[in-house]
Structure formats: C-alpha cells, structure tokens
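The figures that follow rest on heavy atoms only: side chains count, while hydrogens, waters and symmetry mates do not. Atoms within a ligand are numbered from 1 in the order they appear, just like the ligands themselves.
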Amino acid sequence: MYRGGIDLVAGLEIKNSFTLVNAPAGSGKTTAISKLVKVLLRSSEKKILCITFTNRATEQLRLKIDDEQVEISTIHSFISNFMLPFFNKVGIKEYYGEVFALNIEQILSGSDPTNLEKIEKFKLRNNISPDKLLDREFVIGNMQKIYYSETQYSSYLYGGLSHDDLLLFSRDVLSKFTKINNLISQKYSYVFIDEYQDTNTEILELFHKATQSTKTKLVLLGDEMQQIYADRGEGFEPVLEEFFEKDRSLKKNWRSNEHIVTILNNLYFDPSYSQDPQIMGGQKPQLHLVDSVDKVETEEDVMQLVLYNSDLFDRIGAGNLYRAFLQKYSFNDKHTSKQVLLDLTDNPDELMKLFIFIMETTYYYSNKKYGEVLKRIVGFNYLNEQKWRVNKHSDKLRINMYLQEINSKFNEDITILELIDFLQRTKLFDANYLEQIINNLNENVNFKERIATVKLIEFKRCYNESKIQTTSTQHAVKGEGHPSIALKITDGAHSPNVQMYLFLELIAKDMFNYTELKEIVPDIRALKENYTKLVGFKISSSITKDSYEANKVNLNNYIIELDSRIMRHNHLYSIIFQTVFVAYFSSSNVSNFKKCLSAINKIEGIILAYKLFYVGCSRAMNKLDVYVSLDKVNNFKTEFVSKMQSIGFDVVV
Ligand SMILES: Nc1ncnc2c1ncn2[C@@H]1O[C@H](COP(=O)(O)OP(=O)(O)OP(=O)(O)O)[C@@H](O)[C@H]1O
C-alpha cells in the first residue's frame, strides 16, 4: 500500500535488509531520509533511528521530522546514550580491562614520568597508600563506571573513553554481549546513516552486526566523491560489496543550476552517476586566473570556501586568537577551536562566554536598547550579584555607570589579558568565575603564552564573522547549499594534505585517473605498516638523521619495495616518482629519503584535492566562482584553460 507513496514522496524505496544509496551531491539524500521516515512511520511500530554527521545536520533534520518515534542523533551522542546503562555493570568493566589491558598495564609499569604522575594522582584520589603496588585487576575493581570523556584522550585508570575508543569499545561490547546487541533491532525498525562515507568503520560494523538476520533495515546514504576522511568507511567496503543492495534511483540534482551540474557530471569519477539538472538557466560558472588567491575580495553575500581554518581566521584578522585557541582545542577534539571562536549560542568555553556577554551588553547599551541589556544581565550567571541588584532608581544609575565603564574599556585598544585584569579589579563579575578563568589559563601554559599578546579586536572580529558567516572551510559546509560560492584554490601539506595544483596539472594534461590512484592507496598503506612494525616507529618526514642511519637497511628496503612493487607500475611514475627515487638510489641519505616520503604522500593529497574541488563546486546553487593563482598554473596554462573550458567553466584571465 505504501509502495507508491514511497516512490512518489521520497524517490527511494527500501526493500532489502541492507541498502546503500550512493548518490552525487545535491541528489536529495538527506531530503529523502526526512520524507521517507514520515511515510515509514505510518507502518512502523518500533522507533526509527537517523544518524547524522554533524550537530547542525541533526538540528535541521529535527526541524523536518518532529515525532517522538524518530530518534535523530550524531553518532557519538547516540552511542554514548545507548551504552550508558551498561557502563556500570561488572561484566562490562571487566571487559574494559581486557580490551584496554595493554594501555592500563603500560601506565601501571610507570615507564615514564607522566605515567608515574598518573599513578600518583590515582592513589591520591582513591586514598590508596603510596606504597601499594597496583595491578590491572585492582584498577578495574576500583572503577565506578565507564564513561565517555568527550576528548581525544582516554583515561584508562578511571574508565574514560576518548572519541575513538568509545566507538571501538562499543562495537566490541555489542559483538561480545548478544543481549545488548539485540536491543538495537528490538528497538528500531529502521536505521538510517547519512554521510556513511565519512562514518567510522567500527560504527558501520556495529550496525551491520546488530541488524543482521533481524527484521530491522539498515540504510546507508552518502557519496564516495565526498569522502574527506581517508581512513573511514574503507574497511567496510568488502561488506558493502557483498551484502548491500545498491539503490541508484536518486538521479536528479535539485540544488545547482544546469551549468554547475554539467561541471559536476564532468568531474564525477563514474559517468554512470550523471545527474539530470532540475534548475534550468542561471549563471555559467567562472574560473578566474588571478595574481594572488589570498587577495581576492568578494561580495558580502558570497560564501567563500578556503582549505584551512587558519586561512579563514587570518582572512578576518583573527589569526593570532585562532592559533592561541588551537593550544586549547585541537583539530580532533569534540569542540574545535573554530567552533569555539564562532559559536555564539551554546559556547562551551568560559572565556568566550565572558567576551560574548560583554560584547552583546555593550553593543545594546551603546545603541540604547536597554531591554536587551537587561535580558543579558539576568541571563548571565557569573556576575557579582550584589553589585547588579536593582531595587530602586539609584540602583539603575549605578548599573548605568558600570556599563559605561565596561563599554569604554571594551572600546580601548587593549589585549585580552588587560581586559581580564580590568574586570578583576572592578569586582563586577563573580570572583570565583574569574578565578576559574585565570586558573584555566595558568594550567595551559602554551595557551596563556599565546593569548597574552592577542588584542581584543581579534575577538570582536570573530564575533562579527559568526554573525554573517561569509567564509567557511569545505569540510564545514558538508551537506549545505549556498546561492553563491567562491572557491579559493590553495595547496596544503599537513592536516589536511591537499595537492590542488598537482591535481589541476594532471587533469589539464589528461593524466588524472582517480580509480587507478585509489587502488594503489591500500598497497602503499600496507607496506608502510609492515615497515613501521619492523623499525618500531612511525615512518614520517620528521625522521631524524640518527634514527634514519640506525634503521638504514629496513628503510632502504622500504623505498626499494615501494619503487619496484607499487610506483613503477603507475602511469604517474615519470612525473612524480622517478626523479626522487633515482636520486635516493644514487645517494641514500636522510634528506633524499624524506623526498621519497613526500612524493608518496602526494598520492593521497591529489585524491583529496580532487574530492574537495568537487565538494566545493557542488555547494553552489546558482553562482560558482573558482579562483586559481596564475603563477601556479603558468607552466601548463594552455592545456589548463582549454580543459577547464571543456569541463564547463568560462575562464577569465
Ligand atoms: N525531491 C526534491 N524536490 C525538490 N527539492 C529537493 C528534492 N530533494 C532535494 N531537494 C533540494 O535539493 C537540495 C539538496 O538536497 P539534499 O541536501 O537532500 O541533497 P544531498 O544528496 O543530501 O546532498 P549532499 O550530498 O550534497 O549533502 C536541498 O535544497 C533540497 O531541499
């Protein structure tokens, strides 16, 4: 009965236990989830689970589906809630001891000063005599409950799980404890996972196992071309191949105008995924060859896409503040520095909360919007209450004076630390709160050192940017569409490693072959892993001369194998690898070794560049402008211009 309805409404139909919807950008995958769920609800007695990639995506889906029978959540929040009731069970704690045996024992061995310090703290916290010898059994017996630490580090002595360990441990628990595993299929009739291509392999495995041989249907939606994290999803590919029904019914592009869709179709690695544009006419995309991408100015309503967060903050004049906050929130943390600096509504950082409060009260105060000022004063929990109490008219005059004082200080050309110092002296804020801020600063010496000289104006620029949001990294616009996009092409060596200009050169010379490049990546990684085990450390370009010399035989063999087994058969051999390998073989030293490593790294950098170029273009609804630095393409300019024209760009020099 619902069949027709499903086809008509969502463009998708879920017939099998395992369905994979791999479809290009803008084909309506996320929209299909929301439409389909509404239809499925009518016939489903159990709940429906939708896993999204970002909190923003969760919020947007919740706006579309408001039904308590539907659970919408990011993966970490789903898993940590789901596992919570089991984390204090003896059996699960014992299993934690088994899974993380090596990690716990390494700390207990006291092999280095940080481990000794951890043991000491542990004993102090638990009232254990300093002389007691600890073992794993004792640690587990002492553990109250396992918990998600919401950081990138696990606290193995206390049962804390990092972002990664939470997923890994949960998968292992479900695979060992059948009763917990069965709860998923007992509770949910459907599980939808959006952006599966960037979802951790453990999670895909967990859901696959939990729904196997049950009536619960598992639906994965995503797009291989939009895979940004190279290490996710790939381990699951054999299972996808074998067990999943591939649904190819989303063939239209609903987001971008026909000219942009032409470009997307021309870029897509597999022509059989070609999309039919639904928005006809519109502006033709332009590719601009400019002197310097960094100097390009765009209109206010254009969303600029840059590669790095640091580019984004430098562009708005808040680079120092960003680099300071990087010491506090790293790239992999639950909250990244970027979020912390640009989140106005739900900011997790005590210092930022304080600035936002002052910024907003002083803004409304100088614009004479006293109602708004009052709202903020009442809503802020960290003021010195005695000073801000309003009973009689004279109180209002006093508060007016405070605001004037803060306002004038806030408008001076001072540093962030000077402002905090001023606030401490005025006693207008809760003393404990300010003390906590200072303590936190002292705890993190690197952060303190960096922030010491940062001017307040940098914070103000962040505040203003978060109000208008005209720049974003390509990663952050996942799933979104914007009327006008300016894509600024730059290279990057680390996190992420992106070889945009090499990619453009290869594509211009008709030498880019995604499928072939993709196929050699697992071989490159496997070889590196073998040799990492042999030498006993991570092989990277930060290798020192001494450790290179000490392991020379193995490292030589590594390059010989790379050359003869993998690279020599690749058609890019002559332009990327030959020179560096030949140089290394004629003079085997650490510097030539590093050059080989950096050449090998280029492979993954080219693949990521290709995907980011596609993702960047695909965010544009009506206007797309790509900016390329002329000097970086000058050597192959003629081929480049004609290739870009044939893909569908108007080229502007
Ligand atoms: N069936 C439809 N009819 C009309 N508009 C649609 C339809 N499906 C999607 N859209 C619109 O097209 C745009 C892209 O849709 P959606 O975000 O669902 O695509 P997606 O495949 O998830 O994209 P991406 O892979 O780029 O994240 C949205 O603006 C959405 O509202």
Side-chain angles (χ1 to χ4, degrees), residues 4-14 19-40 50-65 72 74-75 192-199 219-229 232-233 246-265 267-270 273-282 285 303 305 472-485 487 610-624:
I6 293 171
D7 280 339
L8 206 71
V9 175
L12 273 187
E13 184 189 7
I14 307 304
T19 306
L20 172 68
V21 183
N22 211 327
S27 54
K29 297 180 288 296
T30 311
T31 310
I33 295 180
S34 69
K35 291 185 174 177
L36 195 50
V37 163
K38 281 185 197 154
V39 177
L40 294 173
C50 302
I51 301 283
T52 59
F53 194 76
T54 59
N55 285 318
R56 186 132 115 207
T58 302
E59 282 161 25
Q60 300 212 324
L61 203 55
R62 280 199 190 128
L63 288 178
K64 287 186 191 149
I65 317 169
I72 303 168
T74 59
I75 195 62
F192 290 89
I193 302 183
D194 202 4
E195 310 273 9
Y196 87 90
Q197 80 281 355
D198 276 333
T199 302
V219 187
L220 306 182
L221 300 99
D223 179 8
E224 183 183 329
M225 270 295 268
Q226 296 182 59
Q227 182 185 42
I228 290 173
Y229 298 99
R232 310 229 178 122
K246 319 288 180 297
D247 187 301
R248 297 280 291 262
S249 40
L250 300 181
K251 289 185 183 310
K252 295 173 180 166
N253 184 308
W254 301 91
R255 177 185 293 134
S256 308
N257 79 31
E258 60 172 321
H259 307 293
I260 300 168
V261 176
T262 300
I263 290 176
L264 299 180
N265 285 341
L267 285 171
Y268 212 87
F269 72 95
D270 183 345
Y273 282 96
S274 198
Q275 298 178 296
D276 284 333
Q278 297 303 299
I279 302 167
M280 304 315 279
M303 177 57 98
L305 298 186
S472 175
T473 55
Q474 290 167 9
H475 165 225
V477 286
K478 220 176 201 336
E480 294 176 6
H482 294 273
S484 180
I485 288 282
L487 178 59
Y610 171 47
K611 292 183 174 179
L612 287 177
F613 191 85
Y614 171 83
V615 172
C617 294
S618 72
R619 299 304 102 195
M621 294 158 79
N622 184 39
K623 192 166 176 336
L624 169 64

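Looking at A32 next to ligand 1, no N or O pair under 3.5 Å apart turns up. Any N or O atom pair closer than 3.5 Å counts here, and A23 shares no such pair with ligand 1.
For K35, every heavy-atom contact with ligand 1 shorter than 4.0 Å involves the side chain, none the backbone.
In this structure, Y268 and Y273 have tilted ring planes: the angle between them lies in the 30° to 60° band.
Residue contact annotation: R619 has a non-hydrogen atom under 4.0 Å from ligand 1. Residue contact check for ligand 1: Q278 places no non-hydrogen atom closer than 4.0 Å to it. Residue S27 places a heavy atom less than 4.0 Å from ligand 1.
Of the possible polar contacts, none joining the E258 side chain to the P277 backbone as a donor-acceptor pair under 3.5 Å is found. Although no hydrogens or angles enter the test, the distance criterion places a donor-acceptor pair under 3.5 Å between the side chain of S256 and the main chain of A620.
Checked against salt bridge (charged side-chain N to carboxylate O under 4.0 Å, His left out), K38 has no partners two or more places apart in sequence or in another chain. The side-chain hydrogen bond (donor to acceptor under 3.5 Å, both in side chains) test applied to S27 returns no partner, not counting sequence neighbours.
Which of L221, L264, T30 comes nearest to atom 22 (O) of ligand 1 through a heavy atom is settled by distance: it is T30. Of the candidates T31, D194, I33, T31 brings a heavy atom nearest to atom 15 (O) of ligand 1. Taking all heavy atoms of Q60, M621, R255 into account, the minimum distance to atom 26 (O) of ligand 1 is reached by R255.
In terms of heavy atoms, G281 sits closest to N257 at O-CB, 3.5 Å. Of all non-hydrogen atoms in L305 and R619, the two that sit nearest each other are CD1-CG, 4.4 Å.
Of all atoms in ligand 1, numbered sequentially from 1 with element shown, those under 4.0 Å from a heavy atom of Q226 are 24 (P), 25 (O), 26 (O).
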